[in-house]
Every structure is written in C-alpha cells, then in structure tokens.
There are 2 protein chains.
Amino acid sequence: MTTEVPTGPRRSDATRAAILEAARERFAADGYERATIRAIARDAGIDPSMVMRYYGNKEGLFAAASEFDLRLPELGALPSRHAGAVLVSHFLDRWEQDDVLMALLRAAVTHDAAAERARSIFRDQLGPVAVALCPDPAEAPRRAALIASQILGMALARYVLRLPPAVEMTREEIVGWLAPTVQRYLTEERP
Amino acid sequence: MTTEVPTGPRRSDATRAAILEAARERFAADGYERATIRAIARDAGIDPSMVMRYYGNKEGLFAAASEFDLRLPELGALPSRHAGAVLVSHFLDRWEQDDVLMALLRAAVTHDAAAERARSIFRDQLGPVAVALCPDPAEAPRRAALIASQILGMALARYVLRLPPAVEMTREEIVGWLAPTVQRYLTEERP
DNA sequence: TACATTTGCCAACAAGCGTTGACCAACGTC
DNA sequence: GACGTTGGTCAACGCTTGTTGGCAAATGTA
C-alpha cells in the first residue's frame, strides 16, 4: 500500500522514464541477475547512482519496471465459443508489443519477488475472466492456471527457448492450434 | 564429438559424482548465474578449485551436469490413442524424480548454452516420437513443439512459478486435462 | 541577490565472483 | 625405499556487482 502524495511533474521525470524503459529492456533480455544497474544506467545515459536515488535499490527498480496490465478484453460481449481464440491472439499481441511480460518471465524463473508478481498478475487479471466464463466459478482458479500453463508454455517455447518450429509458426497457426485448447480449459465440463 | 579414451575407474570418481550432484541441485534451485561454483563446492564438501580441475570451467560443469535422457517410452506397443496420457504422465514423473529438467529450464531462460541444450533434447528425443505417431511426418517438428509448449508450460506453472492452483492439482487431474491436448497436438489433422 | 532544493556526476567501498598456481599428502609402481 | 602421478587445500588474482556519500551545477524561491 503506497501512500499517494499528489506530487506534481518533476524535472527528472524524463530521466525516471528513461531508466524504467532501459530497465524493462534489460530485464527482458537478460533476466534479473544479469541485468545490472550499471548496464541499465548506461542505456539510459545516466549515472548508476541515479537509479538508486530514484528507485531505492535493484529490487525497487524491478518492482517499478514490472508493473503490468494484461489489458484483457471484455469477453462478455462476444459469443463465449470464441473466447479461446480471442485470448490466445490477445496474449500473442501483448507478448510482442510489450517487454514487461518477457522481463517478468525471465526474472520469475530465478527471482522470488518476480515470481510473486507473476502469480498476482495471473490471479488478479486472468482469474476474473475465468470466473465469468467457466461453468463452475469454484473451478475458475484451476481453469485459469491451465490456460496460463498453455499460454506461458508457448511463450517460453517461441520467445525464450526459441524452439525453431515454434518460432516458424505463424500467428494464425498458433491461434489455430491453441485456441481449442484454451477454449476447452475455459468452458468444457470436467474431464 | 568427444574422443572416448577408455580410462578405468579413478580414485576421484566419488568426488566427481558429488560435484555433479551438487551442481544439479544448485542449478535446479538457483539457475545458472546464482548457482555459484563456491556454493556447489561447499555442498560437495570440497574446494572450488577441484571443480575447475575436473570440469574446466563453469560452462563445462553445466554441460556435464545437464546431460539428460528423457527416457521416453516405446509408444509403438500400445494403442496410439493413449499416447497423450502416457506422455503427460511420463513427463510429470521425469520432472519430479530428476533435478536436471528443472536445472535445464531455470538455466535456459537466461543462458544461451542451456537453451541450446534444451532445444537439442526436444529435437532429438521428442522429435522421433512425433515422427512415428503423427499423420504427416513432415509436420512432426511442429507437433513436437506444440507438445513441448504444453508440457513445459505446465512444468513452469507448477514447479517454477508455483501458481497455487497448478500446485494443488493432483497428478491425475493434470493428466486428465492435458492428455487430450497432447493427444490432439500429436495425432489430429491440421485445424 | 541570497538561499534551499533538485539533478547529476564522480570516486570509492565491501563483498562476491570465476579462475589460477603453488604447495602438500597419499597412492601405485618399479 | 625412491619416485612420478593423482587428489586435495590454500591463498590470492583481477574483475564485477550493488550501494554510498560527497560535491558541483542547475533550478526554483524569497
């Protein structure tokens, strides 16, 4: 719970933003430990000590850089039989247009705070979608975890491990294969 | 290609094995960069310099510690409609009984050599299974990658990120949900 | 103009890292 | 029993890391 003091725009806002952007790129490319404060500062064109002044320490910098909104679409509007395809397609978009998911995944594998952040994102943002669409709300967390497993797995294979066949597939092919899976995890009765 | 000089058992074999075991545990628990040679040596009860003597450097130690055989069962024997369930069940076994898959995953996310090792394991060991069972052999690599995405994703969710619903599911529930997915990726005609 | 705050750089710290080479003890072989 | 080989420890190296505190310039305020 951060106490929100209504502070106006500061002269240093551009620097703060540059640091955050560099941090997101480095965390995404290198993971938590190999993304050094010195390298981030170099990318941002400032001194490493500025990072400490504005974000306290490396942990605080990561916390600030890894805030994330999945921007999941409202699925109530369209027929629920298309939910799987919409979800898969949307996740591919988010993965390719924003570094934060990659930073989160790369860091979460070796860094506890990042893993906790990932857990809370899936719980708080994907969870409600499952509650709204799956047959038994009590089962929603399980459904959400199954969906997360397939989507995270494809992201891992395609963007991190770069398994050649996963890289070579088109977006449409991926949606074609994964959408029925996600659809089933979301809406089908228990197996 | 290692030239296989037929060398007999050495007095140091126990030490070498202790180093490898400690290395596997540390790489599995901490990933590549946080698993330090000093910590591995401490776990093995020897001096860090021994690690260097026996494995050259950290890279060589990881290469030795991450050799892995998926031990995929012969699937030709049983009806191919059960292949999905057998595969999922077998992967869960391998994941829970051997540290190496965890070490490989944790390291591959931030370390190129580990990612290459992971790619080659899936290509050389899972690939042939797909060739044998999927309708069009030319499509086998893609099928194998899809299967890898679902299985890696569940491993990531359950064993690495520890999403609570994924941790709480029983083995049987996971097989029940994932087997149809893997089965479809393996044998179903193109969507 | 005088002063306080903010923004930034610089130099250094202590700790930890992978890695090296000298050295000693135990062993196997003649 | 002498001796080369092997298994092991110890102390140190050069380097990088996160982090700190001091100082200078720019900016805002009276």
Side-chain angles (χ1 to χ4, degrees), chain A residues 5-66 103 106-107 110-114, chain B residues 5-66 103 106-107 110-114:
Chain A
V5 176
T7 172
R10 289 153 299 194
R11 247 186 313 146
S12 59
D13 281 348
T15 301
R16 297 174 125 96
I19 293 173
L20 271 194
E21 189 191 334
R24 282 191 263 259
E25 287 175 12
R26 284 282 176 176
F27 283 129
D30 297 337
Y32 188 83
E33 15 277 334
R34 288 187 36 208
T36 68
I37 290 194
R38 288 168 140 94
I40 291 168
R42 203 176 319 126
D43 290 357
I46 47 92
D47 191 88
S49 62
M50 302 298 294
V51 178
M52 309 303 293
R53 180 172 299 169
Y54 292 144
Y55 296 99
N57 54 27
K58 191 177 182 179
E59 197 69 45
L61 173 63
F62 180 82
S66 65
R106 277 226 161 88
T110 51
H111 199 67
D112 262 357
Chain B
V5 175
T7 172
R10 288 153 300 194
R11 246 187 314 145
S12 59
D13 280 349
T15 301
R16 297 174 126 93
I19 293 173
L20 271 194
E21 188 191 333
R24 281 193 263 259
E25 287 175 12
R26 283 284 178 176
F27 283 129
D30 298 336
Y32 188 83
E33 13 277 333
R34 287 187 35 208
T36 68
I37 290 195
R38 290 167 139 95
I40 292 168
R42 202 178 318 128
D43 289 356
I46 46 93
D47 191 88
S49 61
M50 304 296 295
V51 178
M52 309 304 294
R53 180 175 298 172
Y54 292 144
Y55 297 99
N57 52 29
K58 191 177 181 180
E59 197 70 42
L61 173 63
F62 180 81
S66 65
R106 277 228 160 86
T110 50
H111 198 68
D112 263 356

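Below, chains carry the letters A, B, ... as their sequence lines are ordered, and counting in each starts from 1.
A/Glu33 and A/Thr110 form a side-chain donor-acceptor contact under 3.5 Å, judged by distance and modelled atom types alone.
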Scan nucleotides 19-30 of chain D nucleotide by nucleotide, 5' to 3', and note B when protein non-hydrogen atoms come under 4.0 Å of the base, S if they reach only the sugar-phosphate, - if neither. SBBB----S---
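Proximity of a side-chain donor or acceptor of B/Tyr55 to a complementary backbone N or O of B/Arg16 within less than 3.5 Å is detected. Of the possible donor and acceptor atoms, one in the side chain of A/Arg106 sits under 3.5 Å from a partner among the backbone N and O of A/Ala28. Counting only distance, with no hydrogens or angles, the side chain of B/Asn57 and the backbone of B/Gly60 share a donor-acceptor pair below 3.5 Å.
B/Glu33 places its CD atom 14 Å from the C1' atom of D/dT16, with the value rounded to the nearest Å. We find that CZ of A/Arg34 is positioned 18 Å from C1' of D/dG18, with the value rounded to whole Å.
Every residue meeting the side-chain contact (heavy atoms from CB on, under 4.5 Å) condition with B/Ala113, not counting sequence neighbours, appears here in chain and number order: B/Glu59, B/His111. Residues satisfying the side-chain hydrogen bond (donor to acceptor under 3.5 Å, both in side chains) criterion with B/Thr36, sequence neighbours excluded, are absent altogether. For B/Arg42, there are no side-chain hydrogen bond (donor to acceptor under 3.5 Å, both in side chains) partners, not counting sequence neighbours. A/Tyr54 pairs by the ring-ring contact (aromatic ring centres under 6.0 Å, His included) definition with nothing, not counting sequence neighbours.
From the 5' end on, the contacts that DNA chain C makes with chain A at under 4.0 Å to a non-hydrogen atom open and close at C/dT6 to C/dA12.
Regarding contacts with the backbone of D/dG7, every side-chain N or O of B/Thr15 stays at 4.0 angstrom or more from both OP1 and OP2.
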